[in-house]
Amino acid sequence: MPARRSKTMPDLPERTYEVDLGPRRKLRAGMVAKVRLPGRRTNVTARFLYADEQGLAFADPRNNGRRTVTADAVKSIPRDQPEPRS
C-alpha cells in the first residue's frame with residue numbers, strides 16, 4: 001500500500017525571477033542555460049522559470065515539466081538567448 005501524502009501545502013517563500021549566480025552569470029526568467037538535470041548524464045538546454053528556497057526551477061525539454069536543481073547544476077549560460085515568449 002502506498003504511503004499517504006499530506007494534503008497541506010508547504011509555506012514557500014516568495015519566488016524570485018532573477019538570480020545572480022556569480023560574475024557575469026545573471027539568470028532571468030525565460031532565459032535558457034545548459035543544466036545538469038537529475039537523472040541525466042549530459043547537460044541539456046533548459047528554460048529557467050523561477051527560484052525559491054528549494055532551488056532553481058527549469059522547464060524540462062522532454063515534457064516541459066518543472067525540474068528543480070541547485071545553483072551548481074547550471075553549467076553555462078549562452079550569450080545568444082531566444083526571443084522572449086509573449
Side-chain angles (χ1 to χ4, degrees):
M1 183 170 204
R4 299 184 94 198
R5 287 196 172 175
S6 173
K7 301 284 191 223
T8 61
M9 293 296 293
D11 185 27
L12 298 177
E14 292 290 325
R15 290 183 178 178
T16 57
Y17 297 97
E18 185 173 314
V19 178
D20 190 13
L21 299 174
R24 298 178 56 185
R25 291 187 55 165
K26 188 168 282 198
L27 200 55
R28 292 181 198 89
M31 292 177 71
V32 296
K34 294 276 187 174
V35 183
R36 174 70 54 97
L37 293 178
R40 298 278 193 104
R41 289 186 184 184
T42 59
N43 297 336
V44 295
T45 303
R47 188 170 43 92
F48 176 65
L49 300 174
Y50 61 86
D52 58 10
E53 78 176 4
Q54 275 89 28
L56 306 175
F58 286 88
D60 191 342
R62 282 187 298 193
N63 57 9
N64 225 17
R66 184 177 58 93
R67 301 300 298 261
T68 304
V69 297
T70 58
D72 61 344
V74 178
K75 300 303 178 189
S76 68
I77 302 171
R79 288 180 189 228
D80 54 336
Q81 292 290 323
E83 292 296 319
R85 295 180 183 176
S86 48

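- Scanning both residues, Ala46 and Ala59, for their nearest heavy atoms gives CB-O, 3.5 Å.
- Under a hydrophobic clustering in which Ile, Leu, Val, Met, Phe, Trp and Tyr are joined whenever their side-chain heavy atoms come within less than 4.5 Å, directly or via other members, Val69 and Leu49 fall into different clusters.
- Nearest heavy atom pair, residue Leu21 against residue Ala71, reads CD2-CB, 3.9 Å.
- Checked against side-chain hydrogen bond (donor to acceptor under 3.5 Å, both in side chains), Thr16 has no partners two or more places apart in sequence or in another chain.
- Smallest separation of non-hydrogen atoms from Arg25 and Val74: NH2-O, 3.1 Å.
- Here the shortest heavy-atom pairing between Lys75 and Asn43 reads CG-ND2, 3.5 Å.
- A 4.5 Å side-chain heavy-atom check between Pro61 and Thr45 finds every atom pair outside the cut-off.
- The cationic atom of Arg67 (NZ for Lys, CZ for Arg) does not lie both less than 6.0 Å from the six-membered ring centre of Phe58 and within 45° of the ring axis.
- Clustering ILVMFWY residues whenever any of their side-chain heavy atoms sit less than 4.5 angstrom apart, transitively, puts Val19 in a cluster other than the one holding Tyr17.
- Looking at every heavy atom in both residues, Gln81 comes nearest to Val32 through OE1-N, 2.7 Å.
- In plain terms, the two heavy atoms of Gly30 and Arg47 that are nearest each other are O-CG, 3.7 Å.
- Legend: residues meeting side-chain hydrogen bond (donor to acceptor under 3.5 Å, both in side chains) with Arg40, ordered by chain and number and at least two apart, are Asp60.
- Taken from CD in Glu18 to CG in Leu27, the straight-line distance is 9.0 Å, to the nearest 0.5 Å.
- Although no hydrogens or angles enter the test, the distance criterion places no donor-acceptor pair under 3.5 Å between the side chain of Gln54 and the main chain of Thr68.
- No side-chain heavy atom of Glu53 sits less than 4.5 Å from a side-chain heavy atom of Arg15.
- Applying the side-chain hydrogen bond (donor to acceptor under 3.5 Å, both in side chains) rule to Thr70 yields the partners Asp72; only residues at least two apart in sequence or on another chain are considered.
- By the criterion of side-chain heavy atoms lying less than 4.5 angstrom apart, applied directly or through intervening Ile, Leu, Val, Met, Phe, Trp or Tyr residues, Tyr50 is not grouped with Leu37; the two fall into different hydrophobic clusters.
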